[in-house]
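Comments concern the structure below.
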Amino acid sequence: MSAEAAKRPVPGGATSALTSARKDASMEKQKAMLAGHFKALSTAKETGRKVAYTFVPGNLTELLTAFDFLPVYPEINALQSGMRQKSADYIREAERLGHSEDVCTYVKCDIGMMTQGNIGPTGEKLPAPDLLLLSYTGCFTFLKWFELLRNEYNCEIAMLHVPYLADGKITPEMRKYVADQLRREVIPKMEKITGKKLDLDALAAKLQRSAKAEEDLVWVLESAKNKPSPIDAYFGSV
Amino acid sequence: MSPTQPDLETILARCERLYGDTSLGEVVAWKKAHPGRPAVGHLPVYVPREIIHAAGAHPVGLAGGGDQIDIVKGDACFQSYICHIPRSTVELGLLGELDCLDGFVFPSTCDVIRNLSGIWQIQFPGKYVRFLDLPQTFDPETGGKFYQRDLQEMIHEIAKLGGREPTAAEATESVRLFNDNRRALRALYDLRAEAPWLCTCDEAFLVTRAGFVMDVVEHTGLVEQFIVAAKQRNKRKEDRIRVMVVGSFCEQPPLGLLRTLERSGCYIIDDDLNLGMRWLEGDVEPGGDPVAAVARAYLTQSVWASTRYEDNQRRGEQLARRAKEIRADGVIFSAASFCDPALLDQPPLQKALNNAGIPFISFKFAENTGQFQGMLEQAGTFSDSIKLWGAA
């Protein structure tokens, strides 16, 4: 490439290979937060922090962190493995162990990753769970996934069945069903594992911060209505 | 044989005719005989049929079109990598074959059956559609109460279709009738486990399946008549291995596959075909509140099944225990392609069988699979190897 060509901007706004990428403060913060989270996970057994595996849709992160659990999301592990081009090996290993070609590759990637040392995206080993929080929020495969993981880890499992909104409406009975499960099944198991009692004020404060974070995220996503848009689809999805 | 006891050929001919009648002539006849009363279809696996019956409606089991229809429009509603039953069910609907049904109940068997409920609402607006969210929490105070409330709501909705709000006595009677039916089906399966040469798997399948469309009292009578006739059969026991077929609880294999497996040197002495008809173990005791009793029975009397959240290590142990109880020589895992519940369960179930020293094979099918040669060879080799080197 000539010196003249190297100075010209690459179409689409991306930087050329000869200049370093400019990250803004939010990107640096995101990187630091993720690195810190995976560092905390890698030292969880030494520090005595409890670890909960759970699912992203309908996740109860505020409740988990109110008990000081460190959450692990197996779907994120599978996504990260995909981005790092390790999925094929993990999936192949799970199929070698008897899992069908027809079933969800997130499950197989996670099973394969687990059998090969459970090394996370930062190259550090992910800790085994103290709790499998089976938030069954709409994907039946989640249910079978955690049945399989319970066999492997032999740890406590808590089921939270969130009813499907077949008519698009939340009924008082659905709300009661979810609240009753939280009170009778999920929270007692968390208290048993951590030795802590639920602090409702701390939970309320976390929920308020989550609500604010969601509003801010929606504001950012809606910025895409502008022309030109300050964000792209990659940002929006990942 | 008594003059009122039909012979086997007559019973089986009727059952096969009912199986092949995709336009549900038996249901049309029922509606003609019961003007104003609704017929409500339900998908696999489990729906409490006695509740539909108690609400004054005729419960009609649906199991797709099998190998009897070609899919033209049904495929347009779905991606390629799911099972076949929703496609053929939509096809039947779009062809008008299900027009005699006033409503449809879709249980929470899996994501496919659940989403089919949504597609049905779009494709057939105006038809009653009910998604039945079977609880995956089995605490009577949470899952039990949620489920009971759901069943009561379903009764109200079916009453509005032309059914009724049943009294406790009427609901109790419905529970009793379906207890009788399940008892008859258990007797049929006991016969197969004891003397499988008297009743082939496809015969038991057809007899059970007839209950999808028949009046429950009439069906119970038919099952009992079949058992009487089968026991009077003059057939010898043959040198075949005894196997269980596991994984075919929702989308059903074609009859040809069942016949092929038995021709390959196996007696299928137990299976999970048409599982919804035999979902509850033992009788439901109606007590003072039969709807609550049916809800409670789901929590405590359900058979082990891949569609129900459970410790799958226990599920595997139950399978191994059942295999030993009925002296099965082996297990054939026969799951519909892309069936998540069945296929994700297979590795732990197979591990349990390995631990118990019970051999197994596995393959996949679709409801319209037309070529069985590979399965014949696989099952035949399985049978031969057990006879040569196993305990059979």
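Proteins come first, then strands; the chains are lettered A, B, ... in the order of their sequence lines, and each starts at number 1.
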Using atom types as modelled and distance alone, determine if a side-chain donor or acceptor of A:Glu147 lies under 3.5 Å from a backbone N or O of B:Glu310.
yes
Between B:Lys364 and A:Glu101 (salt bridge meaning N to carboxylate O under 4.0 Å), is one present in this structure?
yes
Heavy-atom contact with chain B under 4.5 Å, split by part of A:Val178:
neither
If you take all heavy atoms of B:Pro348 and A:Asn151, which pair is closest and at what distance?
CB-ND2, 3.6 Å
Could you state the interatomic distance from CG (B:Asp111) to SG (A:Cys139), rounded to the nearest 0.5 Å?
5.0 Å
Pull out the residues in residues 300-308 of chain B that come under 4.5 Å of chain A, heavy atom to heavy atom, sorted by number.
B:Ser306, B:Thr307, B:Arg308
For A:Asn154, does the CG atom have more than 12 heavy-atom neighbours from other residues, nucleotides or ligands under 6.0 Å away?
no
Heavy-atom side-chain proximity of B:Asp133 to A:Met174 below 4.5 angstrom:
no
Quick one: what part of A:Leu160 sits under 4.5 Å from any heavy atom of chain B, side chain, backbone, both or neither?
neither
Is there a side-chain contact (heavy atoms from CB on, under 4.5 Å) between A:Lys144 and B:Asp345? Walk through the geometry before answering.
CA-CA 7 Å; A:Lys144 309 307 292 182; B:Asp345 251 5; 3.1 Å; yes
Any side-chain donor paired with an acceptor under 3.5 Å for B:Asp139 and A:Gln181?
no
Option that, when pairs with chain A are counted at under 4.5 Å, heavy atom only, ranks first among B:Gly143, B:Ser362, B:Pro341, B:Ser337
B:Pro341
Where does B:Tyr81 contact chain A at under 4.5 Å (heavy atoms): side chain, backbone, both or neither?
neither
Examine whether an atom of B:Gln346 lies under 4.5 Å from a heavy atom of chain A, and if so say whether it belongs to the side chain, the backbone or both; otherwise answer neither.
neither
Can a cation-pi geometry be assigned to B:Arg114 and A:Tyr164, taking NZ or CZ under 6.0 Å from the six-membered ring centre and within 45° of the ring axis?
yes
Would you call the rings of A:Tyr177 and B:Phe146 parallel, tilted or perpendicular, taking 30° and 60° as the class edges?
parallel
Could you tell me which portion of B:Glu141 (side chain, backbone, both or neither) has an atom closer than 4.5 angstrom to a non-hydrogen atom of chain A?
both
Quick check on B:Lys127: does its NZ atom have over 12 non-hydrogen neighbours (other residues, nucleotides or ligands) under 6.0 Å away?
yes
Compare every heavy atom of A:Gly98 with every heavy atom of B:Pro347, then report the nearest pair and how far apart it is.
CG-O, 3.6 Å
Neighbour count >12 (heavy atoms, 6.0 Å) for atom CD, B:Gln79
yes
Are more than 12 heavy atoms, taken from residues, nucleotides or ligands other than B:Lys160, located less than 6.0 Å from that residue's NZ atom?
no
Quick one: pull up CG in A:Leu134 and CD in B:Gln136 and give me the separation to the nearest 0.5 Å.
9.0 Å
The interface call for B:Leu134 against chain A, heavy-atom contacts under 4.5 Å, is backbone
Report the distance from atom CZ of A:Phe140 to atom CD1 of B:Ile113, rounding to the nearest 0.5 Å.
11.0 Å
Gap between atom CD1 of A:Ile111 and atom CG of B:Leu344 - 0.5 Å precision
8.5 Å
With a 6.0 Å cut-off (strictly less than), is the heavy-atom count around NZ of A:Lys189, excluding the residue itself, greater than 12?
yes
Indicate the atoms forming the closest heavy-atom contact of B:Leu343 with A:Ser100, along with that distance.
CD1-OG, 3.7 Å
Between CG of A:Leu143 and OH of B:Tyr309, what distance do you get to the nearest 0.5 Å?
7.5 Å
Other residues, nucleotides, ligands: >12 heavy atoms within 6.0 Å of A:Glu46 CD:
yes
Show every ring pair (Phe, Tyr, Trp, His ring centres under 6.0 Å) that has at least one partner inside residues 78-127 of chain A, sequence neighbours left out.
none
N-O pairing of A:Glu173 and B:Lys145 below 4.0 Å
no
